[in-house]
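Accompanying notes for the structure given below.
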Amino acid sequence: MPRKSPAKPEPAARVPENLPDRLLAWYDRHRRLLPWRAGPGERADPYHVWLSEIMLQQTTVVTVGPYFRDFLARWPRLEDLAAAPLDDVLTAWAGLGYYARARNLKKCAEVVAAEHGGVFPDSEEDLLALPGIGPYTAAAIAAIAFDRPATILDGNVERVMARLYRVEAPLPKAKAELRALARRHTPEYRPGDYAQGIMDLGATICTPTKPKCALCPLTADCAALKAGDAETYPRKAAKAERPQRYGLCFAMIDRQGRIALEKRPEKGLLGGMMQVPTSAWRDTPFADGEVMPPVAANWRKLDGQVSHVFTHFALSLTVLAATRVKADPAYRWVGVDELGRVALPSVMRKVVDHVLAKSA
DNA sequence: AATCCGTGGCT
DNA sequence: TAGCCAAGGAT
């Protein structure tokens with residue numbers, strides 16, 4: 001029998017030795033002033049680094065900015081956050097998405113306060129053990145807050161490595177290969193600045209579309225640039241299509257103009273957040289009169305739909321409204337002026353806005 | 001290992 | 001417009 005052919009030889013990924021130096025030189029010239037970033041030569045507060053990194057998970061710098069400032073103003077120290085009620089944290093997080101992050105943020109603050117004397121551990125291993133901190137965030141905190149030579153691998157680094165070496169394997173399978181490449185580049189010298197620099201490069205120069213290769217400090221090393229196909233990396237596996245789901249929302253307004261809200265289960269989608277009472281969400285639209293409203297009242301169907309797209313499904317909500325409803329204490333009755341103090345996810349904010357627009 | 005988990009901006 | 005994408009983690 002012919003022996004199984006040997007694995008395709010890795011391209012002898014010879015790391016240009018001065019690549020980290022060129023990256024650092026570029027970073028020193030183009031360093032962005034971000035709210036959580038320390039001044040040149042200074043080391044950032046681990047609490048600030050941690051808070052920003054959790055917020056930045058799958059979330060853009062522009063979106064995070066205001067939330068980061070608000071959190072820091074309200075909870076200046078880790079101990080303040082650890083002592084805060086979870087509902088306050090969820091309310092402050094409302095609109096940022098991925099709400100498990102907020103629950104884990106609170107949990108992590110409590111653990112660090114109680115078991116680490118309020119001081120973040122400085123090793124990747126210990127950081128990884130904390131709630132909400134995975135491989136990326138552990139490495140990022142170790143590098144940025146403690147200047148440890150940890151290898152970060154986020155979407156930016158994946159893209160930069162995939163282009164430098166024209167990695168043909170598609171994500172997410174290519175992750176191990178990309179991580180190995182990234183590790184070879186991680187310098188012992190200024191690893192924190194290198195980590196932020198390589199991410200800045202990915203965010204501003206080596207962008208997903210129309211990369212600004214003319215401005216890149218690494219052009220001499222980039223295989224994809226040489227081949228003229230940088231924009232086609234990283235390769236990605238085809239993604240599953242997004243199903244459409246449907247639901248009904250029941251907006252109850254009392255005589256004072258307050259709307260009834262209820263709390264969602266602590267786990268799962270929008271866990272622990274508030275909502276306008278809703279039917280189950282399913283794959284087929286609802287027919288008129290198919291679902292019994294929560295209370296008997298003068299229900300009327302509002303024109304139009306509320307549409308919202310989640311990561312793995314799209315949702316179309318039909319809204320029914322009833323006014324002059326008796327304020328059942330089973331719900332939380334919230335005035336329009338109080339909505340900012342409620343943990344309302346964006347989809348439910350849309351529902352409330354729809355009610356206000358259609359009944360005005 | 002594959003799936004679940006938000007949102008807003010950009011093309 | 002409809003998909004793509006962002007400093008991912010938990011299960």
Side-chain angles (χ1 to χ4, degrees), chain A residues 32 34-37 44 48-68 90 93-105 107-108 127-145 150-160 171-173 175-176 179 182 192 194-204 206-211 231-232 234 236-245 264-273 275 281 307-315 343-350:
Chain A
R32 293 186 291 171
L34 303 176
W36 44 86
R37 198 167 262 183
H48 298 184
V49 174
W50 164 70
L51 179 59
S52 67
E53 289 299 342
I54 301 298
M55 289 182 167
L56 286 163
Q57 289 167 6
Q58 298 290 285
T59 309
T60 59
V61 164
V62 174
T63 301
V64 165
Y67 283 88
F68 178 81
L90 288 175
W93 197 276
L96 203 49
Y98 286 139
Y99 298 98
R101 290 186 296 172
R103 300 194 294 275
N104 285 328
L105 185 81
K107 237 181 273 173
C108 184
L127 288 163
L128 196 52
L130 294 168
I133 296 184
Y136 162 75
T137 306
I141 296 174
I144 298 170
T151 298
I152 57 160
L153 186 69
D154 72 332
N156 291 304
V157 179
E158 287 173 356
R159 188 167 56 253
V160 171
L171 285 170
K173 288 193 70 171
K175 210 149 183 177
R179 184 181 302 282
Y194 173 82
Q196 295 176 87
I198 193 88
M199 286 191 287
D200 271 16
L201 187 78
T204 63
C206 197
T207 47
T209 60
K210 299 182 180 176
E231 196 167 343
T232 69
K236 295 200 172 181
K239 40 202 171 311
E241 60 182 82
R242 209 182 330 250
Q244 176 72 50
R245 291 186 185 162
R264 292 178 60 87
E266 296 294 337
K267 295 196 172 193
L269 184 72
L270 307 176
M273 303 295 284
Q275 69 174 2
W281 301 342
S307 298
H308 192 77
V309 179
F310 293 96
T311 307
H312 51 297
F313 67 95
L315 180 64
L344 211 56
S346 290
V347 61
M348 288 299 155
R349 179 74 228 192
K350 287 184 189 176

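In what follows, chains are A, B, ... by sequence order, proteins preceding strands, each numbered from 1. Hydrogens, waters and symmetry mates are skipped; everything else that's a heavy atom, side chains included, is used.
- As rounded to the nearest Å, C:dT1 and B:dG8 have C1' atoms that lie 16 Å from one another.
- In terms of the side-chain hydrogen bond (donor to acceptor under 3.5 Å, both in side chains) criterion, A:Ser346 has no residue partners (sequence neighbours excluded).
- Residues A:Asn104 and A:Ile133 are not in side-chain contact: their nearest non-hydrogen atoms beyond the backbone lie 4.5 Å or more apart.
- Within the 4.0 angstrom heavy-atom criterion, only backbone atoms of the sugar-phosphate kind lie near A:Ala203; the bases stay farther away.
- Nearer the 5' end of DNA chain C, as judged by each residue's closest nucleotide, is the contact made by A:Ile144, out of A:Ile144 and A:Asn104.
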Reading nucleotides 2-11 of chain B from 5' to 3' and marking B where a protein heavy atom lies under 4.0 Å of the base, S where only the sugar-phosphate is that close, and - otherwise, the string is --SBBBS---
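- The shortest distance between side-chain heavy atoms of A:Leu34 and A:Phe68 does not fall below 4.5 Å.
- Among the protein residues, A:Trp93 comes within range of no part of the nucleic acid, since none of its heavy atoms lies under 4.0 Å from any strand.
- Looking only at side-chain heavy atoms (C-beta outward), A:Trp36 and A:Ile144 stay at 4.5 Å or farther from each other.
- Here, B:dT7 and C:dT11 have their C1' atoms 22 Å apart, quoted to the whole Å.
- A:Leu34 comes within contact range of at least one nucleobase, with a heavy-atom separation under 4.0 Å.
- Side chains of A:Phe310 and A:Leu315 form a contact here, defined as non-hydrogen atoms less than 4.5 Å apart.
- Remark: A:Thr207 pairs with no residue by the side-chain hydrogen bond (donor to acceptor under 3.5 Å, both in side chains) rule, at least two apart or across chains.
- Spacing of C1' atoms, C:dG9 relative to B:dA1, comes out at 15 Å, to the nearest Å.
- Put simply, the side chain of A:Met199 reaches to within 4.5 Å of the side chain of A:Ile152, judged on heavy atoms.
- Taking the side-chain hydrogen bond (donor to acceptor under 3.5 Å, both in side chains) definition, one finds that A:His308 meets it with A:Lys350, sequence neighbours left out.
- The residue A:Arg37 sits close to a base: some heavy atom pair falls under 4.0 Å.
- Only the P atoms considered, C:dA7 is 24 Å distant from B:dT3, to the nearest whole Å.
- Comparing A:Leu128 and A:Asp200 against DNA chain C, the residue whose closest nucleotide sits nearer the 5' end is A:Asp200.
- Protein chain A touches strand DNA chain C; the 5'-most and 3'-most nucleotides with an atom under 4.0 angstrom of its non-hydrogen atoms are C:dC4 to C:dA10.
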Would you be so kind as to tabulate the donor-acceptor pairs closer than 3.5 Å made by side chains of residues 53-62 of chain A, with sequence neighbours excluded?
unit_1, atom_1, unit_2, atom_2, d
A:Glu53, OE1, A:Tyr136, OH, 2.8
A:Gln57, NE2, A:Gly132, O, 3.4
A:Gln57, NE2, A:Thr137, OG1, 3.0
A:Thr59, OG1, A:Met55, O, 3.3
A:Thr59, OG1, A:Gln57, O, 2.9
A:Thr59, OG1, A:Arg101, NH1, 3.1
A:Thr59, OG1, A:Arg101, NH2, 3.3
A:Thr60, OG1, A:Thr63, N, 3.4
A:Thr60, OG1, A:Thr63, OG1, 2.8

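- Nucleic acid contact class of A:Arg264 (heavy atoms, under 4.0 Å, all strands): none.
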